[in-house]
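This report refers to the structure that appears directly beneath it.
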Amino acid sequence: MNTPLDLDGIVAAPSSIDPVFLRTPVRRSPALDAALGCRLIAKDETGNPIGSFKGRGTEWFAATALHPGEAIVSASAGNFGQGLARAATRRGHACTVFAAATANPAKLDAMRALGADVRLAGADFDAAKAAARHYAQEQGLRFVEDGAEPAIAQGAGTIATELLADAAPEVVLVPLGNGALLEGIGSVLRARSPSAEIVAVVAAGAPSMKLSLEAERAIETARADTIADGIAVRVPIASRLPQLRRCCDRIVAVDEAQLMSAMRLLHRHLHLVVEPAGAAGVAAILAEPARYAGRLAATVLCGRNIHPSLREKLLAD
């Protein structure tokens, strides 16, 4: 399963993706550039009905990879589950999503509102995923794993085709969770803009993907402690690691303070509420400003679905 992503699927995907998820705006701010010391292009994926980029991949997946009426089971920290529930239920597929008992309550409510049967299991995302996989096997249902389905990565890759239509960034910083976003964007950049540096960004408190890609083997961690729930991976998908490693030049880790500072900068200069995972690329610039000084950088503001308590903290600053 470590074959390269089929770029033809990325080209074809917009024909089956709801237009509300496509042609998202590029945000720029001279004041933000001055604060960061580089020129930043921010691809804003927060303004759609689910508040994240996940609708691109789930729409393409539901349109091409499911049999009529096929029921599905998955696990999510919240954003993927929203995208999957919306895409699946609109096409007549029952959708069950497992989430951790500690999951963001706003994301849980949103998944339910979009038609998902939400079940809580385990203390974190990967524990919920194990429960979802077991339930799907027990019930004889299709298990859908974000990061393992090519169509989901292909949908995410449409972000890169749109980005390259607007600019030619020297470096692209991509938040890294299960890997669909990196695989989609990285595959397009390698083919169409091979000189661009690709930096994958994880949370320091959830280093499994960084450790795994650097060691070239799956490394599980005991915990994933970070406010960036969208990239809080503890158990990597081993089958996709070789392809993900080809899709990036570096993997960096950012700490909680850098994530919060990035969120504050985006709110102050772009007037956007961005969840921690969505601010990871900006946090990486804050972590190593000299590496990006004067360069044209791009990142994906991949979600807005912030935990209510964190929203209060952000807006109070």
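Note that the numbering runs from 1 along the sequence shown for the chain.
Remark: side-chain polar atoms of Ser76 are paired, donor with acceptor, to backbone N or O of Gly81 under 3.5 angstrom. Put simply, the side chain of Ser193 never gets that close to the backbone of Leu189: no donor and acceptor are under 3.5 Å apart. Asn48 contributes a side-chain N or O that, together with a main-chain N or O of Glu45, makes up a donor-acceptor pair within less than 3.5 Å. For Ser15 (side chain) and Ala12 (main-chain N/O), a donor-acceptor pair under 3.5 Å exists by modelled atom type. Of the possible donor and acceptor atoms, none in the side chain of Asp146 sits under 3.5 Å from a partner among the backbone N and O of Phe80. Between the side chain of Thr58 and the backbone N or O of Ala87 there is no donor-acceptor pair closer than 3.5 Å. Under the 3.5 Å distance criterion, the side-chain polar atoms of Ser208 are matched with a main-chain donor or acceptor of Ile219. Looking only at distances, a side-chain donor or acceptor of Thr102 sits under 3.5 Å from a matching main-chain atom of Ala123. Using modelled atom types, one side-chain atom of Glu162 and one backbone atom of Arg23 make a donor-acceptor pair closer than 3.5 Å. A side-chain donor-acceptor contact under 3.5 Å links Arg245 to the backbone of Cys248.
Using a 4.5 Å heavy-atom threshold, the side chains of Gln154 and Glu149 count as separate. Between Leu272 and Leu301 there is a side-chain heavy-atom pair separated by less than 4.5 Å. Residues Val171 and Val199 meet the side-chain proximity criterion, which asks for heavy atoms closer than 4.5 Å. Looking at Lys43 and Thr299, their side chains never come closer than 4.5 Å, going by heavy atoms from C-beta outward. The shortest distance between side-chain heavy atoms of Thr226 and Glu256 falls below 4.5 Å. In this structure, the side chains of Ile185 and Leu163 stay at 4.5 Å or more apart for every pair of heavy atoms. The side-chain heavy atoms of Leu114 and Pro49, taken from C-beta on, include no pair separated by under 4.5 Å.
Within a 6.0 Å radius of CZ in Arg90, other residues, nucleotides and ligands contribute more than 12 heavy atoms. The environment of CZ in Arg142 is crowded: more than 12 heavy-atom neighbours from other residues, nucleotides or ligands sit within 6.0 Å. More than 12 heavy atoms of other residues, nucleotides or ligands sit less than 6.0 Å from atom CD of Glu138.
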Check the pair Asp117 / Arg112 against salt bridge (charged side-chain N to carboxylate O under 4.0 Å, His left out), numbers first and verdict last. CA-CA 6 Å; Asp117 174 8; Arg112 293 186 180 105; over 6 Å; no
Do Lys129 and Phe143 pass the side chain to side chain contact (heavy atoms under 4.5 Å, CB included) test, and can you show the C-alpha distance, the side-chain angles, and the key distance before you say yes or no? CA-CA 10 Å; Lys129 185 194 285 191; Phe143 178 64; 3.9 Å; yes
Side chain to side chain contact (heavy atoms under 4.5 Å, CB included), that's the test. Do Leu244 and Met209 meet it? Break it down for me. CA-CA 10 Å; Leu244 289 174; Met209 291 300 290; 3.7 Å; yes
Would Arg304 and Val274 count as a side chain to side chain contact (heavy atoms under 4.5 Å, CB included) here? Give the steps. CA-CA 4 Å; Arg304 69 163 188 253; Val274 178; over 6 Å; no
Is there a side chain to side chain contact (heavy atoms under 4.5 Å, CB included) between Val202 and Val252 once you walk through the steps? CA-CA 6 Å; Val202 306; Val252 301; over 6 Å; no
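Classification of Glu288 and Arg250 as a salt-bridged pair holds, one side-chain N sitting under 4.0 Å from a carboxylate O. Between Arg28 and Asp44 there is no salt bridge, since no side-chain nitrogen of the basic residue lies less than 4.0 Å from a carboxylate oxygen of the acidic one. A salt bridge links Asp18 with Arg86; the closest basic N to acidic carboxylate O contact falls under 4.0 Å.
Atom CD of Glu275 is separated from atom CG of Asp229 by 6.0 Å, given to the nearest 0.5 angstrom. To the nearest 0.5 Å, atom OG1 of residue Thr96 and atom CE of residue Met111 are 11.5 Å apart. Once rounded to the nearest 0.5 Å, the distance linking CD1 of Ile10 with CG of Leu5 reads 5.0 Å.
One side chain, Thr24 or Arg56, offers a donor N or O that lies under 3.5 Å from an acceptor on the other. Side-chain polar atoms of Glu59 and Ser16 form no donor-acceptor pair below 3.5 angstrom. Using a 3.5 Å distance cut-off with no hydrogens or angles, the side chains of Asn79 and Asn305 do pair a donor with an acceptor.
In terms of hydrophobic clustering, with Ile, Leu, Val, Met, Phe, Trp and Tyr side chains grouped at heavy-atom distances under 4.5 Å, Leu22 and Ile50 are assigned to a common cluster.
Of the candidates Leu40, Leu32, Asp33, Leu32 is the only one forming a side-chain contact (heavy atoms from CB on, under 4.5 Å) with His269.
Of all heavy-atom pairs between Ala283 and Gln258, the closest is CB-O, 3.5 Å. Taking each heavy atom of Cys38 and Ala297 in turn, the nearest pair found is SG-CB, 4.4 Å.
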